[in-house]
Number of protein chains: 2
Amino acid sequence: MKKAGTCDLNTCFLCQYSIPEWIAAVSDHRQHLFYKKNETIFQEGSPVKGIFFLYDGKVKVHKQWGAEKELIVRFAQKGDILGHRGLGSGDRLYTVSATALEDTTVCYTELSFFEASLKVNPSLALKLMQFYADELQEAERKMRNLVHMDVKGRLADALLELSRLHKALHFTISRQDLAAFAGTTYETIYRNLQEFIAEKLITAEGRAITILNEKKLRRYIVGG
Amino acid sequence: MKKAGTCDLNTCFLCQYSIPEWIAAVSDHRQHLFYKKNETIFQEGSPVKGIFFLYDGKVKVHKQWGAEKELIVRFAQKGDILGHRGLGSGDRLYTVSATALEDTTVCYTELSFFEASLKVNPSLALKLMQFYADELQEAERKMRNLVHMDVKGRLADALLELSRLHKALHFTISRQDLAAFAGTTYETIYRNLQEFIAEKLITAEGRAITILNEKKLRRYIVGG
DNA sequence: CGATCACTTGAGTTTAGTCAAAGCGGGTGG
DNA sequence: CCACCCGCTTTGACTAAACTCAAGTGATCG
């Protein structure tokens, strides 16, 4: 990780919702940090120091289980907030890790300054609240899927979500990460991807995946 | 559901965090509603009209899957907020249902008034944000458990959480609900409960469950 | 007294997780 | 240049957890 220049005011959450009186303070308190591919931005269990806004790059947010296993909770895109799970009422420890999937630039703010911003700026707090509400809904939808859908359905859901995130039918992801995102194992993902390829719903060349038939893919998500 | 009297100012979230100028308005805009056991408070998929605060009773918050299957997302206790998932940025539809587990009184507020309160009262918004952050953490922890823990571990976790919610080692819950909470089926829960009983970690008389050995129960939650 | 409903138990099936091994570049250093 | 090693992919075989189905049991209620 190394430091870099400053952030244009309209990319991140914090800046977009800054009230005029506060813009100067925001400029003073934020800094740009640069992370290389595969570098850890923060680690589950370590104390929360600050909040990150993703300025450029891709980041996975994941929870560990034992040494080997993980669950990817979310992929963050440009403009997204990172580290906000630390704002709860419990211990100030990260409950997830964040790892750069490509070279990534973030806009970083000390926790204390961010909390001060929230107090001073109700519309920021409101916006953040809304963001949480959305994340919570999504998390609960995923929980239901994990319980009631089979792996193939979850994989279809994961692929469609990735496509939505990238705003394209084509994107890149390792099978390992796909497995951790769909909540299953490498081999199972491998076999199910093969099936989707055989059905001509997708193509895959290494990590590059293209969705060919979104509609049929979506059928796997229905269930009862 | 029928209407009832008014709410003492200190039970719910909304009232506790009311700023002085707003208390009169809060009094005008809230009302008490009474729900009988098993009555639906709101239904997944229907439009969000307002926010509820649980004044007395127990409520399950659940997501449906097909006709038969459900997942219980959370049990609400006195003072808890209900319906807050509707505050996200998407459609204003409930993404979960809420059903009274016993006779229940709630303090109800129109959505528009609640949103106005949030704008006027930053500490309410902040408090709610923190609440969401906690819920999100918990939801993500549960997701990880669903993926990586076996049923016995999830049941142990569910039992301990219920005990924590009731602030007692003794509580009452149907096996059906226990299954929906742990993300599994009736029969599987039944068999695993038998095992816990055989190991003298709990007792169960019908729906009444008592935890005998919290420490050993907790061991089932560890995993890797 | 029959019907209904939840509880209890057994048996069979299935999905997906585990383990193991072979294949396949691609890069590195001898 | 070749041999080797590493990491990822591919595939097969086995295993086990837990879901499903089905049927028996017992209690309750009209």
Side-chain angles (χ1 to χ4, degrees), chain A residues 37-38 60 65-72 99 101 142-159 172-198 202-209 220-224, chain B residues 37-38 65-72 101 142-158 172-199 202-209 220-224:
Chain A
K37 185 172 174 175
N38 295 324
K60 68 174 175 180
W65 185 250
E68 301 281 276
K69 297 178 182 176
E70 67 170 1
L71 175 71
I72 294 177
T99 305
L101 291 175
K142 285 247 182 72
M143 272 176 67
R144 190 205 51 191
N145 291 355
L146 285 169
V147 169
H148 294 304
M149 265 171 35
D150 61 14
V151 168
K152 206 166 179 184
R154 300 208 304 271
L155 173 57
D157 193 61
L159 291 171
T172 299
I173 186 173
S174 77
R175 273 138 235 251
Q176 205 51 263
D177 281 345
L178 207 44
F181 190 45
T184 180
T185 57
Y186 180 93
E187 291 95 325
T188 300
I189 282 294
Y190 176 79
R191 291 181 231 258
N192 279 282
L193 274 182
Q194 292 302 323
E195 292 189 46
F196 281 148
I197 292 167
I202 64 168
T203 60
E205 319 254 327
R207 310 189 165 188
I209 290 176
Y220 280 98
I221 298 178
V222 194
Chain B
K37 185 173 174 174
N38 295 324
W65 184 248
E68 303 279 279
K69 297 178 180 174
E70 65 169 3
L71 174 71
I72 294 177
L101 290 174
K142 284 246 181 75
M143 273 174 67
R144 190 204 50 192
N145 290 355
L146 285 169
V147 170
H148 293 304
M149 266 172 33
D150 62 12
V151 169
K152 207 166 179 183
R154 299 208 304 272
L155 174 56
D157 193 61
T172 299
I173 186 173
S174 78
R175 272 139 236 252
Q176 205 50 263
D177 282 344
L178 207 44
F181 190 46
T184 181
T185 57
Y186 182 92
E187 292 94 324
T188 301
I189 282 294
Y190 176 80
R191 291 179 232 257
N192 280 282
L193 273 182
Q194 293 301 323
E195 292 189 48
F196 281 148
I197 291 168
E199 296 174 60
I202 63 165
T203 59
E205 320 251 329
R207 309 187 165 187
I209 291 176
Y220 280 99
I221 298 180
V222 194

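Both backbone and side-chain heavy atoms feed into the values below; hydrogens, waters and symmetry mates do not. Letters go in sequence order (proteins before strands), and every chain restarts at 1.
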May I ask you to test the [X]-[Y] pair for a side-chain heavy-atom distance under 4.5 Å?
| X | Y | answer |
| --- | --- | --- |
| A/Met149 | B/Trp65 | yes |
| B/Arg175 | B/Ile209 | no |
| B/Asn192 | B/Glu195 | yes |

Mind calculating the distance between [atom1] ([X]) and [atom2] ([N]) to the nearest angstrom?
| X | N | atom1 | atom2 | result |
| --- | --- | --- | --- | --- |
| A/Leu193 | D/dC8 | CG | P | 16 Å |
| B/Asn38 | C/dA6 | CG | P | 11 Å |
| A/Ile189 | D/dT9 | CD1 | P | 12 Å |
| A/Leu155 | C/dA16 | CG | C1' | 13 Å |
| B/Ile173 | C/dA6 | CD1 | P | 16 Å |
| A/Gln194 | D/dT9 | CD | C1' | 10 Å |
| B/Leu146 | C/dA16 | CG | P | 15 Å |
| A/Arg207 | D/dC8 | CZ | C1' | 8 Å |

Point-to-point distance, once rounded to the nearest 0.5 Å, from OG1 of B/Thr172 to CG of B/Leu101: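 So the gap between those two atoms works out to 11.0 Å.
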
Under-3.5 Å donor-acceptor pair between A/Arg191 side chain and C/dG17 base: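 Donor-acceptor pair under 3.5 Å: no.
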
Short side-chain to backbone donor-acceptor contact, A/Arg154 and A/Ala182, under 3.5 Å: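 Pair found, side chain donor or acceptor close to backbone of A/Ala182.
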
N/O donor-acceptor pair under 3.5 Å between B/Arg191 side chain and B/Tyr186 backbone: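 Not confirmed, B/Arg191 side chain does not pair with B/Tyr186 backbone.
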
Nearest-neighbour nucleotide for the A/Arg175 side chain, C/dG17, D/dT10, C/dT18 considered: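 In terms of side-chain proximity for A/Arg175, the closest of C/dG17, D/dT10, C/dT18 is D/dT10.
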
Would you say a side-chain N or O of [X] is under 4.0 Å from OP1 or OP2 of [N]?
| X | N | result |
| --- | --- | --- |
| A/Thr188 | C/dG17 | yes |
| B/Lys69 | D/dT20 | yes |
| A/Tyr190 | D/dT10 | yes |

Shortest non-hydrogen separation from B/Ile197 to B/Ala204 and the atoms involved: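 Minimum heavy-atom separation between B/Ile197 and B/Ala204: CD1-CB, 3.9 Å.
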
DNA chain D-proximal residues of residues 176-187 of chain B, any heavy atom under 4.0 Å: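 B/Thr184, B/Thr185, B/Glu187 - these, ordered by number, are the residues of the stretch whose heavy atoms sit under 4.0 Å from the strand.
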
